[in-house]
Structure formats: C-alpha cells, structure tokens
A.B. asks: 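Structure below; questions to follow.
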Protein chains: 2
Amino acid sequence: MQELTDYILQIGNINKQQIELVESKTAILDLKKDAYFSEAGLIPKRVGFVLEGVMRGCYYNNKGEEITRCFIGKGNLVVDYPNFEANTASSEYLQACTDCKIIVFSKTDWEELSNTIVGWDVIKNKMVQQCLYQKSRKSPVISQDATTRYLAFLKNYPSFANRIPLAYIASFLGVTQQSLSRIRKNIR
Amino acid sequence: MQELTDYILQIGNINKQQIELVESKTAILDLKKDAYFSEAGLIPKRVGFVLEGVMRGCYYNNKGEEITRCFIGKGNLVVDYPNFEANTASSEYLQACTDCKIIVFSKTDWEELSNTIVGWDVIKNKMVQQCLYQKSRKSPVISQDATTRYLAFLKNYPSFANRIPLAYIASFLGVTQQSLSRIRKNIR
DNA sequence: ACCAGTTTTTACCATATGGTAAATGATGTC
DNA sequence: GACATCATTTACCATATGGTAAAAACTGGT
C-alpha cells in the first residue's frame with residue numbers, strides 16, 4: 001500500500017489522516033494472468049493502481065486481430081478514464097499479462113473522496129494526467145522503423161520483454177509476430 | 001472569445017462574473033503562417049487556445065528530419081503542458097500551419113486564476129485532459145497500413161487536407177511524402 | 001506575365017515488412 | 001514422462017513503403 005501513498009505524496013500535499021481515509025476506501029485485488037480488470041462493451045466501474053505485475057489495454061480491430069494499445073506496469077493507474085468519467089461503455093479490455101496485484105477504488109469512493117478531502121480533485125486529475133503523459137511518452141513512434149521501435153520498447157519497459165508474450169509486444173509495436181521474431185534475431 | 005467561454009462552460013460551472021475575470025486575463029495573438037508559438041529548447045511560458053487556423057507540434061529527429069507530432073485545430077488548447085507545468089525546456093515546436101488567431105494566457109495568470117476562481121483548478125485540469133484525449137484519439141494507429149491511416153486522418157481532420165503541406169501530413173502519418181502522394185492517387 | 005523557389009507528383013529500383021506455412025520449442029495436465 | 005496445446009522461430013515469396021532523382025505543378029514577388 002505504501003506504493004500508492006508515495007505516488008500520491010509526490011503529486012500533492014495531503015496529511016496522514018487523509019491518507020488513512022484514502023486507504024480505507026481501497027481494496028486489494030489479485031488478478032490471475034489473462035483475467036480482465038474491465039471489458040470492452042461494459043461501463044468501467046473502478047480505478048485500479050498496479051502494485052505488482054503487468055497489465056495491458058487491448059481491443060479487436062475490424063479484421064478480428066487483437067491489438068495491444070498499451071502496457072501498464074506497477075506504480076501506474078489502470079482505467080479507461082474517459083469512459084469511466086462519462087459512464088459510457090469502454091472500447092477496450094484491461095487485462096492482466098501476468099499475475100497482478102492491484103489496489104482498487106470503486107467509482108463512488110473515487111468520486112466521494114473529493115467531498116471529504118480538500119484537494120483530492122486536484123490530486124485525482126494530476127494522477128490521470130501523469131498516466132496519460134506516460135502512455136504517450138512510451139508509445140511507439142510511428143515515424144521510426146520497426147527495429148528502432150523495439151529498441152525503444154526495451155528501454156521504456158526493461159523488465160517486460162521476457163515476461164510478456166511476443167504477440168502482445170508485436171501488435172503494440174505495429175508489426176507481425178514473425179517480423180518481431182526476425183528483428184530480435186537480427187539484434188543480437 | 002465566445003468560443004473559449006463555450007468551451008469552459010461545457011466543462012464546468014462558472015458564473016458570468018468569473019468568466020469576465022478569465023477573459024480579462026487573456027490576450028489575442030495573431031500568428032502568421034510558419035510562426036512559432038513556442039520553441040524546442042525553451043521553457044513554455046503561456047497557454048494558447050486556438051480560435052482560427054491550424055497549429056502543429058513538431059520536432060527534429062536524430063536524422064534531422066522534421067516530424068509532425070500532432071495537429072491542433074480551433075477550439076483546442078495549444079501548449080506543451082508537462083513542460084509548461086514543470087518549468088522545463090520543451091522538446092518540440094508549436095508552429096502555425098496557417099495564419100492563426102489564438103487566445104493567450106500567461107503562466108502567471110493561468111495559475112493565479114486558481115486563487116480567485118473556486119474550481120478553476122478543476123476546469124484547468126479537465127481542459128488539459130480533454131486535450132490529451134483528443135490527441136490520442138486522433139493519432140494515427142500504428143497497426144494500420146498507411147492508406148487506412150490517411151483515410152482516418154481525413155475523417156478526423158476533414159478541413160485540413162487542402163490547407164496543410166503534404167510533408168506535414170506525411171510525417172504525422174509516419175510515411176514519406178512520396179508514399180502519401182501515391183496513396184492520394186490510388187484513393188481517387 | 002515572368003521568374004525563382006517551393007511543393008507535389010511520377011518513375012525506378014531497393015528493402016523492410018506482411019502473409020502463408022511449416023518446424024521447432026516451451027508449458028501445463030494427466 | 002508422454003501428450004496436447006500454445007508460443008516462437010524460420011523459410012519462402014508477395015507487396016507496401018523507402019530512397020534517389022527528375023519532372024510537373026503551384027506560389028509569390030517583381
């Protein structure tokens with residue numbers, strides 16, 4: 001739980017009592033590999049914070065191919081926030097790539113904390129923003145070639161390459177698995 | 001100026017007096033085509049809101065090629081917000097693709113409004129978030145082929161294709177200008 | 001209207017990546 | 001430990017895109 005506290009403190013000022021209040025609203029969720037945290041077509045009802053493991057966002061394109069849109073490692077929020085806020089159906093799955101441990105806020109608690117903690121609104125928004133910045137900084141750059149994108153992936157997510165199926169990484173980078181396999185071979 | 005008011009009202013509650021206060025802090029900036037709103041290497045000092053014209057974010061990669069990272073049309077914020085907030089040097093240029101009219105907040109005003117308007121913080125953050133959502137929704141999808149990406153671009157930015165140099169669009173989509181020219185030809 | 005400079009198109013070949021298929025390697029279950 | 005299942009690698013050819021170069025079409029200034 002300390003991880004969440006650290007994360008919050010790095011963002012805004014909040015005292016010990018308030019932190020306890022925040023923590024009292026959380027639950028710990030253990031997700032097995034491949035389990036979903038939220039699903040496409042459903043309205044997201046909770047916010048997660050990854051303590052252990054790797055999550056991913058993914059969807060199925062019009063050819064039925066499964067595309068990984070992002071990876072989410074520990075110390076990050078896992079939620080489809082636009083649809084969470086708007087109470088609209090998500091268009092992607094949030095799935096555990098490995099066994100995961102996640103701190104969970106229900107939507108009610110996440111929002112009601114704004115009434116009990118002055119400044120929670122600001123902290124909330126900053127957390128979401130940081131999350132978005134991360135995602136965009138770590139997204140593959142479309143103007144780079146596949147090898148460069150894979151090397152950048154290795155830098156951005158040093159511990160992921162061995163833990164995560166090649167197919168997930170390939171679709172994240174916008175190449176086929178065969179291409180990625182070839183790229184791996186050429187690198188060493 | 002009405003455009004900004006509409007934008008703000010759609011995000012949060014704010015009364016007429018407060019709107020006037022916001023407006024009193026703004027200035028109108030006319031940018032000629034190709035002029036910069038902010039530059040790589042400099043600390044961004046202001047937030048813009050596009051009234052007319054098209055802006056873009058761009059940078060030079062390690063091969064010296066100019067890459068367009070995003071387009072910003074009217075009714076959107078134009079600012080490198082992470083570096084604006086952190087007082088750190090930007091890594092990209094924000095440049096006018098066409099003659100532009102922009103509403104400008106200085107950093108001081110943008111931040112001080114939080115002291116005079118209750119809830120400005122929340123509005124501010126929501127504006128930035130919306131901006132980020134837009135950008136990510138309208139970004140080319142790396143797993144799609146170049147033609148599909150161009151067709152999506154035409155949908156996302158219906159009025160841009162004729163107004164903006166091919167080279168800008170090409171680097172945004174991650175293809176060479178020659179390829180994009182060929183794609184255009186094959187489409188009709 | 002002309003010219004210089006820029007942008008866009010076209011052409012040609014080289015190359016990276018995709019598609020299909022099969023072989024190899026890993027993993028978990030009984 | 002044997003087997004079925006799934007993930008990864010390899011091979012082969014097809015194709016989209018890149019690179020270089022030149023031609024054609026615009027653009028703005030005089």
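We name chains A, B, ... by the order of the sequence lines, and we start the count at 1 in each one. Values below: all heavy atoms of this structure, side chains included; hydrogens, waters and symmetry mates excluded.
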A.B. asks: Please, which pairs that meet side chain to side chain donor-acceptor pair (under 3.5 Å) have at least one residue in residues 24-52 of chain A, sequence neighbours excluded?
C.D. replies: none

A.B. asks: Does NZ or CZ of B/Arg56 come closer than 6.0 Å to the centre of the six-membered ring of B/Tyr168, within 45° of the ring's axis?
C.D. replies: yes

A.B. asks: Across nucleotides 8-24 of chain D, 5' to 3', mark each nucleotide with B, S or - according to how protein heavy atoms within less than 4.0 Å reach it.
C.D. replies: BBBS-----BBSBB---

A.B. asks: I need the NZ-C1' distance between A/Lys32 and C/dG28, as an integer number of Å.
C.D. replies: 14 Å

A.B. asks: Please lay out, stage by stage, how A/Arg184 and A/Leu166 fare under the test side chain to side chain contact (heavy atoms under 4.5 Å, CB included).
C.D. replies: CA-CA 10 Å; A/Arg184 276 184 167 174; A/Leu166 178 90; 3.3 Å; yes

A.B. asks: Kindly confirm or rule out a cation-pi arrangement of A/Lys138 over A/Phe71, judged by NZ or CZ under 6.0 Å from the six-membered ring centre and within 45° of its axis?
C.D. replies: no

A.B. asks: So does A/Glu92 pair up with A/Arg69, basic N to acidic O under 4.0 Å?
C.D. replies: yes

